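Everything on this sheet refers to the single structure shown next.
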Amino acid sequence: MTDVIEISMRSAIADIPAVDWDACANPSGGRPVDPFTTHRFLSALELSGSVGRGTGWDPRYLVATKADQIIGVAPLYVKSHSQGEYVFDHSWADALQRAGGQYYPKLQIAVPFTPATGRRFLTRAGNEAEALSALIQGTVQLAADNGLSSMHVTFCSEDEAIAGQSMGLLHRVGQQFHWENRGYDSFDDFLNDLSSRKRKAIRKERKQAQRFGGEIKSFTGDEIEPEHWDYFWRFYQDTGSRKWGSPYLTRAFFDIAHDSLRDDMLLVLAISDERPIAGALNFIGRDTLFGRYWGCTEHHPCLHFELCYYQAIDYAIAHGLRVEAGAQGEHKLARGYLPTPTHSLHWIANPSFRAAVSDFLDHERQLINEEMEILTDYGPFKSTIIEEQD
């Protein structure tokens with residue numbers, strides 16, 4: 001007799017033992033593929049008040065249990081808006097509401113405020129297929145049973161996208177700009193893969209950035225000091241107020257992250273007169289460096305490019321990593337970051353609305369694929385390099 005898989009929800013990640021959650025989030029052990037689905041990262045979001053009451057991100061962590069063992073989990077949230085997701089469905093919400101429907105609340109499987117690709121249906125080793133299927137079915141059933149308009153899975157892996165589509169979910173393709181490491185020994189080695197004009201432009205930008213009047217330092221693990229977050233909080237607030245109106249993360253997040261996540265972080269600071277004036281925060285995965293936040297209190301030419309993109313490449317070359325530079329930004333193309341597809345899955349309750357969204361996604365997917373081809377051809381690399389990457 002086959003053991004039944006039970007699906008349940010928890011409203012606090014503390015109600016799920018970290019050892020069980022991380023056995024699903026990081027089944028092979030060691031440094032996780034990405035830190036964003038670890039118990040410690042999601043707990044930092046919750047304990048800091050970045051998610052939870054009043055934020056529009058109401059946690060409902062999904063748990064799949066078989067024979068009294070947790071075999072799968074998923075970071076599930078009830079959403080009352082579409083902020084902090086980076087896969088934009090505002091037009092869908094407007095269309096349904098104009099037609100007399102109610103788009104919110106909706107269900108969202110995601111890492112809040114984090115447009116980084118990774119597994120979203122987290123499964124224990126040896127239970128991958130059955131746990132994935134149970135989590136997908138369970139989430140759709142939850143949405144249907146509660147009369148919700150939709151369920152969304154954002155920045156999932158390509159394998160999950162294929163599996164979800166085979167189970168009837170709608171597949172959406174997006175685009176980001178990632179830097180791929182071709183086994184470079186140095187930054188100059190990377191530059192040698194670029195066209196002469198782009199190579200000269202990057203060298204000029206790096207020289208310009210160094211003229212801000214100070215030095216650039218990188219910190220990780222115990223090198224990061226608590227007072228660094230006082231400066232970075234100012235940088236983050238400046239960027240957040242300009243991009244989103246108000247920052248998504250609270251000040252408390254950085255204090256909690258300092259205690260539980262500093263080994264997962266690379267903090268790059270531009271320091272002038274012994275005080276940081278700009279900074280970029282990255283998270284370190286097993287094979288990838290994830291660029292996340294940037295900000296400054298003084299504006300200097302090209303310093304943004306240096307801290308966010310070139311310092312990330314330097315670190316990635318030294319540690320054998322690739323770089324995901326976050327959402328959007330075609331300006332990254334000239335700096336060696338190539339267009340890369342991202343994936344999301346969607347379930348829509350209303351059949352007519354579902355058909356309209358499906359038609360939209362078919363057209364959008366074609367346009368994005370064409371755009372990625374064009375951007376790749378116009379990228380900074382020599383034509384022989386592009387042919388090898390294709």
Side-chain angles (χ1 to χ4, degrees), residues 86-88 114-118 154-155 158 172-184 186-210 239 242-243 266 268 278 280-283 285 287-296 299-317 321-344 364-390:
Y86 301 95
V87 176
F88 301 109
T114 308
T117 291
T154 44
F155 295 99
E158 184 176 11
R172 188 175 193 180
V173 174
Q175 175 185 275
Q176 287 184 348
F177 293 86
H178 299 170
W179 182 83
E180 298 300 333
N181 192 339
R182 296 168 55 84
Y184 299 117
S186 66
F187 196 91
D188 281 340
D189 192 18
F190 153 62
L191 288 181
N192 287 334
D193 273 353
L194 306 185
S195 66
S196 175
R197 184 168 61 89
K198 295 299 185 183
R199 185 164 58 244
K200 291 177 181 177
I202 289 176
R203 284 178 173 150
K204 183 178 179 181
E205 284 186 345
R206 297 205 78 177
K207 287 181 181 178
Q208 181 69 39
Q210 295 291 342
T239 301
R242 285 185 287 107
K243 283 190 173 183
L266 171 70
V268 183
L281 178 60
N282 307 267
F283 282 82
D287 304 307
T288 304
L289 183 69
F290 299 90
R292 290 303 304 116
Y293 302 108
W294 140 269
C296 63
H299 295 275
H300 295 272
C302 301
L303 193 57
H304 170 253
F305 301 142
E306 177 65 27
L307 264 61
C308 291
Y309 307 136
Y310 302 142
Q311 288 289 323
I313 290 173
D314 276 337
Y315 185 90
I317 290 172
L321 305 175
R322 58 190 293 277
V323 183
E324 289 193 18
Q328 305 168 312
E330 291 184 6
H331 61 278
K332 298 167 186 171
L333 184 68
R335 292 159 183 94
Y337 292 74
L338 289 175
T340 306
T342 60
H343 304 275
S344 59
E364 182 187 51
R365 190 180 305 114
Q366 181 178 349
L367 291 173
I368 287 176
N369 288 337
E370 291 173 356
E371 182 180 19
M372 285 195 295
E373 289 183 11
I374 293 170
L375 289 174
T376 299
D377 288 341
Y378 278 91
F381 290 89
K382 298 172 184 175
S383 58
T384 53
I385 301 299
I386 294 298
E387 289 170 3
E388 291 176 20
Q389 290 176 340
D390 288 343

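Both backbone and side-chain heavy atoms feed into the values below; hydrogens, waters and symmetry mates do not. This structure is a prediction, so every number in the text was calculated from the model and none was measured.
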Handout entry: Sub-4.5 Å side-chain heavy-atom contact between V268 and Y310
Key = no
Problem - Heavy-atom side-chain proximity of P341 to M372 below 4.5 angstrom - result: yes
Handout entry: R203 and D188 ion-paired at < 4.0 Å
Key = yes
Practice task
Find the distance between CG (L367) and CZ (R365) and round it off to the nearest 0.5 Å.
Solution key: 11.0 Å
Fill in the blank from the handout: Rounded to the nearest 0.5 angstrom, the NE2-CG distance for H178 and L289 is 12.0 Å
Exercise for the section: First locate atom CD of E306, then atom CD1 of I202, and finally report the distance between them rounded to the nearest 0.5 Å. Expected result: 10.5 Å
Handout entry: CD on Q208 to CG on L303, rounded to 0.5 Å
Key = 10.5 Å
Problem - R199 side-chain N/O to L194 backbone N/O, donor-acceptor pair under 3.5 Å - result: yes
Handout entry: Any donor-acceptor N/O pair, D193 side chain to F381 backbone, under 3.5 Å
Key = no
Problem - Stepwise side chain to side chain contact (heavy atoms under 4.5 Å, CB included) check, N282 with Q311 - result: CA-CA 10 Å; N282 307 267; Q311 288 289 323; over 6 Å; no
Problem - Minimum side-chain heavy-atom gap L338-E180 below 4.5 Å - result: no
Completion exercise
Value for CZ (F177) from OH (Y309), rounded to nearest 0.5 Å, stands at 10.0 Å
Problem - S344 (side chain) donor-acceptor with T342 (main chain) under 3.5 angstrom - result: no
Practice task
Evaluate the ring planes of F305 and H331, with Trp represented by its six-membered ring, and classify them as parallel (under 30°), tilted (30 to 60°) or perpendicular (over 60°).
Solution key: tilted
Exercise for the section: Go through the steps for Y337 and I313 under the test side chain to side chain contact (heavy atoms under 4.5 Å, CB included), then give the verdict. Expected result: CA-CA 10 Å; Y337 292 74; I313 290 173; 3.5 Å; yes
Practice task
First locate atom CG of L266, then atom CZ of F283, and finally report the distance between them rounded to the nearest 0.5 Å.
Solution key: 10.5 Å
Completion exercise
Here the pair of heavy atoms bringing V323 nearest to A316 is CG2-CB, 3.6 Å
Problem - Donor-acceptor contact present, side-chain E205 to main-chain R335, <3.5 Å - result: no
Handout entry: Main-chain N/O of N192 paired to K382 side chain as donor or acceptor, under 3.5 Å
Key = yes
Practice task
Considering only NZ, NE, NH1 and NH2 on the basic side and carboxylate oxygens on the acidic side, decide whether E324 and R322 come within less than 4.0 Å.
Solution key: yes
Handout entry: Cation-pi, F187 ring and R206 (6.0 angstrom, 45 degrees)
Key = yes
Practice task
Take atom CZ of F88 as the centre, draw a 6.0 Å sphere, and report whether it contains more than 12 heavy atoms from other residues, nucleotides or ligands.
Solution key: yes
Problem - Least distance between heavy atoms, C302 atom then A209 atom - result: O-CB, 3.5 Å
Problem - Verdict with supporting geometry, T114 and R292, side chain to side chain contact (heavy atoms under 4.5 Å, CB included) - result: CA-CA 8 Å; T114 308; R292 290 303 304 116; 4.0 Å; yes
Handout entry: Test item: Y86 and T154 side chains (from C-beta on) under 4.5 Å apart, heavy atoms
Key = no
Practice task
Return the minimal non-hydrogen interatomic distance between T376 and P339, and the atom names on each side.
Solution key: OG1-CG, 3.3 Å
